[in-house]
Amino acid sequence: MKPEPDFPNVVSQFKFDGEFIRVEPYGFGHINDTYAAYFRKVDGGIHRSIMQRINHFVFKKPEELMANIWAVTSYLRKIIIGNGGDPDRETLTLIPTYQGEVFYRTEAGYYWRAYIFIENAHTYQIPESSIHVYNAAGAYGHFQQLLADYPADQLYETIPDFHNTAKRFNTFLKTIEKDEYNRAQGVKAEIDFVLQHAGEMPILVDSIDQGRLPVRVTHNDTKFNNVMIDDDNGEGICVIDLDTVMPGSLLYDFGDAIRSITNTAEEDERNLEIVHFDLDTYRAFTQGYLEAVLESITPEEIKNLVFSARLMTLECGMRFLTDYLNGDVYFRTKRENHNLDRCRTQFKLIEEMEEQFDTMNVIVSNKVEGRS
Ligand code: ADP
Ligand code: GN1
Ligand code: MG
């Protein structure tokens with residue numbers, strides 16, 4: 001068990017504006033501990049900042065992770081200013097500590113960081129409209145474009161082999177072999193589902209290794225709730241959660257976004273009757289994303305877009321199942337079988353994506369050929 005955070009001591013380490021009032025847990029992330037901290041400024045106005053305790057079980061080298069985030073956000077900041085944008089809203093902005101660092105390490109070895117709170121914008125678990133989806137896609141595509149010239153080899157791999165689906169499959173096989181918590185017998189159908197898809201696991205990593213797919217700077221965790229939607233105009237104002245920004249494939253970003261955004265229900269919905277892959281959402285995202293990256297996307301990437309959606313969904317479902325079998329140590333869980341419920345929604349989505357595979361490809365072709 002992690003200890004309760006040492007508030008207000010940890011707050012006092014950062015150069016926040018105003019007098020500290022209180023702090024409250026914030027958001028729905030599965031990995032870090034996120035809080036909103038409230039302050040009273042000299043003029044009496046109240047404002048808030050984001051504080052996060054980095055999950056150092058997941059991110060083994062928080063210093064390297066923070067070096068990546070500092071490098072990428074500073075780079076984005078310059079471009080946004082050059083384009084006449086608002087850098088405090090269009091990228092994450094780290095608040096430094098009094099020691100001039102971008103994180104604070106507690107005596108007990110926990111790592112904290114703070115960001116300017118992007119106000120007048122929200123993240124959503126499930127999209128409310130096709131416009132939101134289209135705009136979120138534009139934001140992820142734009143993010144990709146802005147980082148197109150950033151030298152990928154200058155970034156640390158914050159989680160090695162994060163989207164190496166083949167290696168994740170090997171880990172899965174070892175986990176079922178070990179079956180430490182004696183849970184495998186209760187999830188035979190789910191295990192079989194993964195095994196039936198064994199042949200798909202290495203397809204993208206092999207293409208990357210053989211040089212058919214380019215390595216780019218990618219986000220690698222393009223969930224719908226990692227893009228902030230502006231309250232006034234519905235624009236995808238800022239891509240957040242930059243912990244996994246590192247060398248990767250554009251297909252990881254596209255595929256994982258489709259996995260997360262096209263689900264008609266919550267990722268952990270227990271009633272699978274209401275979990276569906278939504279084709280209209282898929283269309284809106286694909287259109288918005290392709291419009292933003294059309295100049296740089298390669299034919300091989302285009303060819304694999306639809307497959308990447310299936311594979312990233314498979315990888316994620318397999319990760320949830322692996323964590324369930326491992327005793328729920330990686331993803332934050334709030335109830336019994338939480339990871340298993342999450343795994344089941346992913347497999348339901350894959351089944352429907354497999355049924356819609358041809359139609360999904362037609363949507364890509366039409367877009368690329370300029371017909372929609
Ligand atoms: P996790 O890695 O655990 O998913 P995130 O970095 O995605 O954590 O943060 C969790 C949630 O906190 C986000 O979904 C978003 O709603 C909110 N959030 C994070 N950063 C900011 C920010 N700078 N301004 C406003 N809200 C934020
Ligand atoms: C985690 O941090 P968050 O909640 O945005 C996970 C992603 C998974 C996702 C599934 C670092 O994302 O890879 O796809 O949960 N992040 C990490 O919801 O493992
Ligand atoms: Mg997140």
Side-chain angles (χ1 to χ4, degrees), residues 24-38 47-60 62 65-66 68-69 73 87-95 111-126 136 140 157-165 168 218-231 236-246 248 252-253 255-261 263 266-269 309 311-323 329-334 338-339 341-343 345-346 349:
E24 62 189 27
Y26 196 81
F28 297 91
H30 293 343
I31 303 295
N32 296 309
D33 298 322
T34 303
Y35 298 85
Y38 290 78
H47 79 113
R48 53 187 175 170
S49 299
I50 286 284
M51 293 196 71
Q52 283 184 322
R53 177 162 61 180
I54 300 168
N55 181 330
H56 65 252
F57 171 77
V58 165
F59 298 104
K60 308 282 185 212
L65 176 152
M66 289 309 297
N68 273 9
I69 295 187
T73 54
D88 289 351
R89 273 174 71 68
E90 294 172 34
T91 183
L92 286 174
T93 308
L94 285 160
I95 298 172
Y111 290 78
W112 285 85
R113 67 180 168 217
Y115 288 120
I116 291 182
F117 200 108
I118 299 167
E119 295 288 359
N120 205 26
H122 283 91
T123 55
Y124 297 82
Q125 299 304 105
I126 300 177
Y140 277 129
E157 245 193 303
T158 56
I159 302 182
D161 294 315
F162 189 57
H163 283 305
N164 186 328
T165 319
R168 293 222 180 251
T218 49
H219 184 281
N220 297 304
D221 187 5
T222 45
K223 280 163 76 159
F224 192 51
N225 71 7
N226 284 335
V227 56
M228 304 217 48
I229 305 287
D230 189 294
D231 291 345
I237 183 86
C238 183
V239 170
I240 60 167
D241 202 347
L242 304 179
D243 296 327
T244 49
V245 174
M246 57 181 155
Y252 300 155
D253 283 3
D256 194 56
I258 296 299
R259 168 195 84 74
S260 151
I261 296 176
N263 187 352
E266 298 277 353
E267 187 178 71
D268 58 0
E269 175 58 55
L311 189 70
M312 288 298 103
T313 312
L314 178 63
E315 180 188 280
C316 190
M318 178 170 70
R319 288 175 63 199
F320 288 141
L321 185 56
T322 305
D323 198 32
V329 288
Y330 185 97
F331 297 103
R332 176 179 294 120
T333 50
K334 295 193 173 147
H338 206 163
N339 273 316
D341 295 335
R342 290 171 177 148
C343 152
T345 62
Q346 302 309 293
L349 290 176

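Both ligands and their constituent atoms are indexed starting at 1 by order of listing.
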Worksheet item: Of the backbone atoms (N, CA, C, O) and the side-chain heavy atoms from C-beta on, which set of E119 has a member under 4.0 Å from an atom of ligand 1: side chain, backbone, both, or neither?
Response: neither
Worksheet item: Given that the side chain starts at C-beta and the backbone is N, CA, C, O, which of these parts of I240 lies under 4.0 Å from ligand 1, counting heavy atoms, or is it both or neither?
Response: side chain
If you count the atoms of ligand 1 from 1 in the order shown, which ones are under 4.0 Å from a heavy atom of [X]?
X: G29; result: 1 (P), 3 (O), 4 (O)
X: L92; result: 23 (N)
X: M228; result: 24 (N), 25 (C), 26 (N)
X: N226; result: 7 (O)
X: T34; result: 8 (O), 9 (O), 10 (C), 12 (O)
X: Y26; result: 12 (O), 17 (C)
X: T123; result: 14 (O), 15 (C), 16 (O)

Practice prompt. Please confirm whether Y38 and F117 have ring centers closer than 6.0 angstrom.
Written response: no
Item to complete: Taking the six-membered ring for Trp and the single ring otherwise, decide whether the centroids of Y140 and H219 are under 6.0 Å apart.
Response: yes
Specify side chain, backbone, both or neither for [X], according to which of its non-hydrogen atoms lie closer than 4.0 Å to ligand 2.
X: R259; value: side chain
X: Y252; value: neither
X: D243; value: neither
X: N220; value: neither
X: K223; value: side chain
X: Y330; value: side chain

Fill in: ligand 2 contact by F28, heavy-atom criterion under 4.0 angstrom
no
Worksheet item: Heavy atom of R342 under 4.0 Å from ligand 2?
Response: no
Fill in: Geometric class of the Y252/H163 ring pair [parallel <30°, tilted 30-60°, perpendicular >60°]
tilted
Worksheet item: Could D268 and K334 be called an ion pair, given the rule that one side-chain N must be under 4.0 Å from one carboxylate O?
Response: no
Worksheet entry | Distance-only N or O hit between ligand 1 and Q52, under 3.5 Å | yes
Worksheet item: the Mg ion (ligand 3): which protein N, O or S atoms are under 2.8 Å away?
Response: N226 OD1, D241 OD2
Worksheet item: Who are the salt bridge (Lys or Arg N to Asp or Glu O under 4.0 Å) partners of R168, not counting sequence neighbours?
Response: none
Worksheet item: Does I116 come within less than 4.0 Å of ligand 1, judged by its heavy atoms?
Response: yes
Discussion item. Among all protein heavy atoms in this structure, tell me which lies nearest to atom 15 (O) of ligand 2, with the distance rounded to 0.1 Å.
Written reply: H30 CD2, 3.3 Å
Item to complete: Using heavy-atom distances, let me know which of V58, D88, N225, D241 sits nearest atom 7 (O) of ligand 1.
Response: D241
